[in-house]
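What you see is a predicted model, and the numbers here were worked out from it, not measured in a lab. For ligands, and for the atoms within them, numbers begin at 1 and follow the listed sequence.
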Amino acid sequence: MGLQDSGHVSRTWFVAALLMLAALHQATAKDLRQVTEPKIPAACTSLKGSGGDETSVIQKALTACAKGKAVHLASGTFVSGPLTIPSGVSLWIDSGVTLKASSNPKLFDNGKNLCGTLSSSNSGCNPLIHINGATGSGVYGKGTIDGQGGVTMTGKSISWWELAHEAQEKNSNQNCPRLIEIDNSKDITLYQITLKNSPNFHVVASQTYGFTAWGVTINTPSTARNTDGIDPAGSQNVTIAHCSISTGDDNVAIKAGNAATKYVSITSNTFGVGHGMSIGSEVNSGVSDVTVSSLTLQGTTNGIRIKSDRSRGGLVTGITYSSVCMKNVANPIVLDTAYSKTATGSKIPDFKGITFSNIKVLSAGKFVFNGYSDAVPIEATLNGVHITKGSTWTTSHAKITGKYTEDASGSC
Ligand SMILES: *[C@@H]1O[C@H](CO)[C@@H](O)[C@H](O)[C@H]1NC(C)=O
């Protein structure tokens, strides 16, 4: 073998190694776990709902349940105040069964006497379901959890949602319970369950390593304020798959206020009404290695959105959107480093390594790329972005590689 040949061989290997590195890098832009369809755990006990308040019956069963098993709500309707799911234990709500959140704010009050009122803070209520410091817990089954957000609160003349609107009008904060809150946990699963009418966010998974939402349906009106669908926050190894989400705020919002969020796979989901597939606005601790693939959005206000401002800053990088189809979406792509126009501060939102491939937007809309400065521009790559004529495309402080085409056709 001559010198030239070996040079050729090593160049070939060099290129091959580069391609492998690129593939490896791509492969890390997602949940690092191998996630397969969850299985409902065996029942430790089965309960029949009477239609009345059964908080203590359900809580006792959860507390007594062996690790690895589930409390099975087998039939009927249950009404409940806050429940805590212990480590290793799950709640299984069977087909045709409804677990309703009580409308009594006193039951949810966390000691500040603020739940169900307006105040300067919004942390006065416990969630309906709390999973805290747990490993291997979950909520399973084809039944429904109804937050009753539109029902008049006990002892009040308005509903949780009306309280949320009053807060907006009065520039105050509503104290309304979340439906499911997961904190500092590991390997938590939501499977098949339908969530509706949450008084506030439906699901928040904070500082949780290993979180799977699979086949979950969220169905809440567009008018219900601050009712985010699923919010992973400061979490790692997250999969949201085969879910259908319609709600009054972000369908999904990835946040990183207190810790970084990374290794996230959002795949094969359908969004109806809502504020779209969001990252932000709390991204100060950084969001990276996120893949959003096979997503359909119909009738959301925003499609793909990354938002922050100078009060938060934050690095958002290694984000891939692929095979996304949108129809009747007013703002299909919005990358905005000045989300709150009134924010003050000097923190720098830095969005780079953002890739859009195979995106189809079947109705005209507004596309916005608003970077921080020429020194810190948004860096995005377009690879097969098909939009509809009549759209507006605005860029400021943005380095965009590739082009969009006004040739979207077909259906979602
Ligand atoms: C994420 O999952 C991978 C693969 O299972 C695991 O090695 C890693 O420790 C997980 N990360 C965290 C923060 O738990």
Side-chain angles (χ1 to χ4, degrees), residues 20-41 67-68 84-90 127 129-140 180-192 201 203-216 228-243 252-269 277-280 282-295 306 312-322 350 353-355:
M20 270 171 67
L21 272 176
L24 268 177
H25 182 76
Q26 192 111 60
T28 59
K30 60 176 180 56
D31 191 335
L32 298 176
R33 302 171 303 158
Q34 296 281 22
V35 178
T36 54
E37 184 166 359
K39 286 190 179 70
I40 299 177
K67 276 193 176 28
T84 300
I85 301 187
S87 190
V89 172
S90 294
I129 293 176
H130 198 194
I131 298 175
N132 187 14
T135 300
S137 300
V139 180
Y140 294 80
I180 300 179
E181 183 173 314
I182 302 152
D183 294 310
N184 303 302
S185 293
K186 284 186 181 146
D187 300 324
I188 305 301
T189 304
L190 306 180
Y191 179 53
Q192 292 182 328
F201 299 163
V203 178
V204 178
S206 287
Q207 273 143 84
T208 290
Y209 296 157
F211 169 69
T212 304
W214 186 296
V216 173
D228 284 17
I230 303 179
D231 292 359
S235 292
Q236 300 186 29
N237 289 341
V238 173
T239 290
I240 300 174
H242 307 288
C243 296
V252 166
I254 298 172
K255 302 182 184 190
N258 303 319
T261 291
K262 50 188 165 184
Y263 308 126
V264 178
S265 300
I266 300 187
T267 186
S268 307
N269 297 290
M277 174 60 240
S278 298
I279 297 178
E282 301 91 326
V283 294
N284 32 296
S285 299
V287 175
S288 67
D289 301 291
V290 176
T291 295
V292 176
S293 59
S294 303
L295 173 63
I306 305 179
R312 303 186 188 281
L315 175 62
V316 179
T317 189
I319 316 292
T320 301
Y321 301 95
S322 72
D350 187 2
I354 318 290
T355 304

Next on the checklist: Starting from atom 4 (C) of ligand 1, what is the nearest protein heavy atom, named by residue and atom, and what distance separates them?
Outcome noted: Leu32 O, 3.6 Å
Checklist outcome for this item: Of all protein heavy atoms, the one nearest atom 5 (O) of ligand 1 is Arg33 CG, 3.8 Å
Checklist entry - Do we see a donor-acceptor contact under 3.5 Å between the side chains of Ser293 and Thr267? => result yes
Checklist outcome for this item: The closest protein heavy-atom partner of atom 14 (O) of ligand 1 is Tyr209 CB, 3.5 Å
Next on the checklist: For Tyr140, give me all partners under ring pair (Phe, Tyr, Trp, His ring centres under 6.0 Å), at least two apart in sequence or on another chain.
Outcome noted: none
Checklist outcome for this item: Looking only at protein heavy atoms, what sits closest to atom 8 (C) of ligand 1 is Asn237 ND2, 3.8 Å
Next on the checklist: When you compare ligand 1 with Gln236, is there at least one nitrogen or oxygen pair between them that comes in under 3.5 angstrom?
Outcome noted: no
Checklist entry - Is any heavy atom of the protein nearer than 4.0 Å to atom 2 (O) of ligand 1? => result yes
Item to check | Cationic N near anionic O, under 4.0 Å, Lys262 to Asp31 | outcome: no
Item to check | Pairwise distance CD1(Ile85) to OG(Ser90) - rounded to 0.5 angstrom | outcome: 7.0 Å
Next on the checklist: I'd like to know whether Ser268 forms a side-chain hydrogen bond (donor to acceptor under 3.5 Å, both in side chains) with Ser294, so could you lay out the CA-CA distance, the side-chain angles of the two residues, the decisive distance to 0.1 Å, and finally the verdict.
Outcome noted: CA-CA 5 Å; Ser268 307; Ser294 303; 4.5 Å; no
